[in-house]
S.K.: 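Below is one structure. I have some questions about it.
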Amino acid sequence: MFKITKKQKLGPEMVLMEINAPQVTKHVQPGQFIILRVNEKGERIPLTVADFDSEKRRVTIVFQKVGKTTYLLGSIPEGGSILDVTGPLGTPSEISKFGTVVCVGGGVGVAPIYPIVKKLKSEGNEVISIIGYRSKNYVFWEEKIKNVSDKLLIATNDGTYGEKGFVTDILIKLLESNIKIDRVITIGPAIMMKAVSDITKLKKIKTIASLNALMVCGMGMCGTCRLTIGGETKLSCSDGPEFDAHLVDFNELMERLNVYKEEEKYAFEKWKTEAKI
Ligand code: NAD
């Protein structure tokens, strides 16, 4: 069993959990993910690591309660336990001294971009972070990201905090200012990563996206998380989760993310009825 040493509400339906997981913190690097199972009958859910403390042997995850498993996970109190945590999984982010790097995080995707921003900065890069949320009450980790960035720019869709609009509106303005950008890294909703990629492709700026494909085993055996990258089939879990965004077939990714929407809805409704929620 893996103990939840800290639980914090970050925003509407947004939860942070710190989990005691020594086998993960021993090896984990930015960009990698874990797969957890809440209980014996629970599905396996992948979550990109949002932070880790190797000394305290704790890994931090941030998730949005959207369906049966994330609500079930979110119902476990601080001090409670999760059945199993597997990881670290996936290939770590490629991080070296690139020059000026723009990190674009959207919504829940702001959390897993944090360790990447931190390591990029420690490697001597000039890091400009752009983070975007639906509204002011969804904003989290502003200070945390700011502390490891040279510059932080914030957008909210409704303009209740930071600039009004999407992260891509800020990115376009930044590119128009003609500063030399050596790399862009993006994590968030697939539609956002596609929009970021479309913009940087025109400017020929190398862009890396962390893909949130459907996943089961997380170790390259089942093929559930297959994607098309530059015309070739790749596995998000073992080949990724980060890929050259300009080669990603985002339309296929988004289509596959919707394949089990009806079943997910059914499972959630059934669980709510049974749990009397
Ligand atoms: P959201 O819908 O609140 O969007 C967050 C931000 O993304 C917006 O505020 C906006 O700035 C930007 N955005 C959204 N749509 C856009 C568009 N069409 N064009 C340009 N920018 C756009 O996001 P959310 O609900 O918090 O995020 C949930 C999604 O993020 C889920 O799909 C989840 O799987 C994904 N996610 C992925 C990872 C990963 O590792 N790849 C990690 C966490 C979350």
Side-chain angles (χ1 to χ4, degrees), residues 10-17 30-35 45-51 60-67 69-70 87-93 102-117 129-142 145 153-174 184-200 207-215 218 225 227 236-237 240-243 245 248 250-251 253-261 264:
L10 291 183
E13 312 300 325
M14 304 262 296
V15 182
L16 172 151
M17 275 182 178
Q32 290 187 294
F33 63 95
I34 57 163
I35 286 191
I45 57 162
L47 288 163
T48 313
V49 168
D51 202 0
T60 303
I61 52 166
V62 172
F63 59 94
Q64 199 173 20
K65 294 191 280 178
V66 286
T69 302
T70 44
L89 299 165
T91 310
S93 305
V102 176
C103 294
V104 186
V108 201
V110 170
I113 216 157
Y114 168 74
I116 298 172
V117 173
S129 298
I130 305 175
I131 54 177
Y133 308 84
R134 287 176 213 181
S135 192
K136 188 180 177 181
N137 55 337
Y138 282 84
V139 176
F140 69 92
W141 282 16
E142 177 186 359
I145 302 271
L153 302 159
I154 302 191
T156 51
N157 301 8
D158 59 5
T160 46
Y161 196 72
E163 279 195 42
K164 186 177 190 310
F166 286 162
V167 282
T168 41
D169 296 317
I170 294 186
L171 179 65
I172 289 168
K173 276 190 216 157
L174 193 66
V184 171
I185 299 174
T186 183
I187 310 185
I191 187 77
M192 180 203 90
M193 295 190 284
K194 180 180 188 300
V196 168
S197 173
D198 289 344
I199 293 164
T200 58
T207 299
I208 304 295
S210 175
L211 304 182
N212 52 330
L214 285 179
M215 203 177 278
C225 66
L227 305 152
S236 177
C237 66
E242 294 182 4
F243 294 96
V248 175
F250 280 105
N251 293 330
L253 170 69
M254 290 188 280
E255 225 171 84
R256 282 181 59 75
L257 284 171
N258 284 321
V259 163
Y260 296 111
K261 276 281 175 275
E264 284 168 7

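Counting starts at 1 for both ligands and their atoms, in listed order.
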S.K.: Considering only heavy atoms, which protein residues lie less than 4.0 Å from any atom of ligand 1?
M.R.: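 Correct list: Thr48, Gln64, Gly106, Gly107, Val108, Gly109, Pro112, Gly132, Tyr133, Arg134, Asn157, Phe166, Val167, Thr168, Ile187, Gly188, Pro189, Ile191, Met192, Ala195, Ser210, Leu211, Asn212.
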
S.K.: Would you indicate whether the side-chain heavy atoms of Phe166 and Met192 approach each other to under 4.5 Å?
M.R.: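 No, their side chains stay 4.5 Å or more apart.
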
S.K.: List for me each residue that meets salt bridge (charged side-chain N to carboxylate O under 4.0 Å, His left out) alongside Asp198, sequence neighbours excluded, and say none if there are none.
M.R.: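 For Asp198, the residues satisfying salt bridge (charged side-chain N to carboxylate O under 4.0 Å, His left out) (neighbours in sequence not counted) are Lys194.
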
S.K.: Decide yes or no for Ile35 and Ile45: does some side-chain heavy atom of the first lie under 4.5 Å from some side-chain heavy atom of the second?
M.R.: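 When only atoms from C-beta onward are counted, Ile45 and Ile35 do not touch, as no gap falls below 4.5 Å.
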
S.K.: Indicate whether the side chain of Thr160 and that of Ser135 have a donor and an acceptor atom separated by less than 3.5 Å.
M.R.: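 There is such a pair (donor and acceptor under 3.5 Å, judged by atom type) between the side chains of Thr160 and Ser135.
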
S.K.: With ring centroids as reference points, do Tyr133 and Phe140 lie under 6.0 angstrom apart?
M.R.: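 Between Phe140 and Tyr133, which both carry aromatic rings, the centre distance is below 6.0 Å.
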
S.K.: Report yes if the side chains of Val196 and Val184 come closer than 4.5 Å at any heavy-atom pair, otherwise no.
M.R.: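 When only atoms from C-beta onward are counted, Val184 and Val196 do touch, with a gap below 4.5 Å.
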
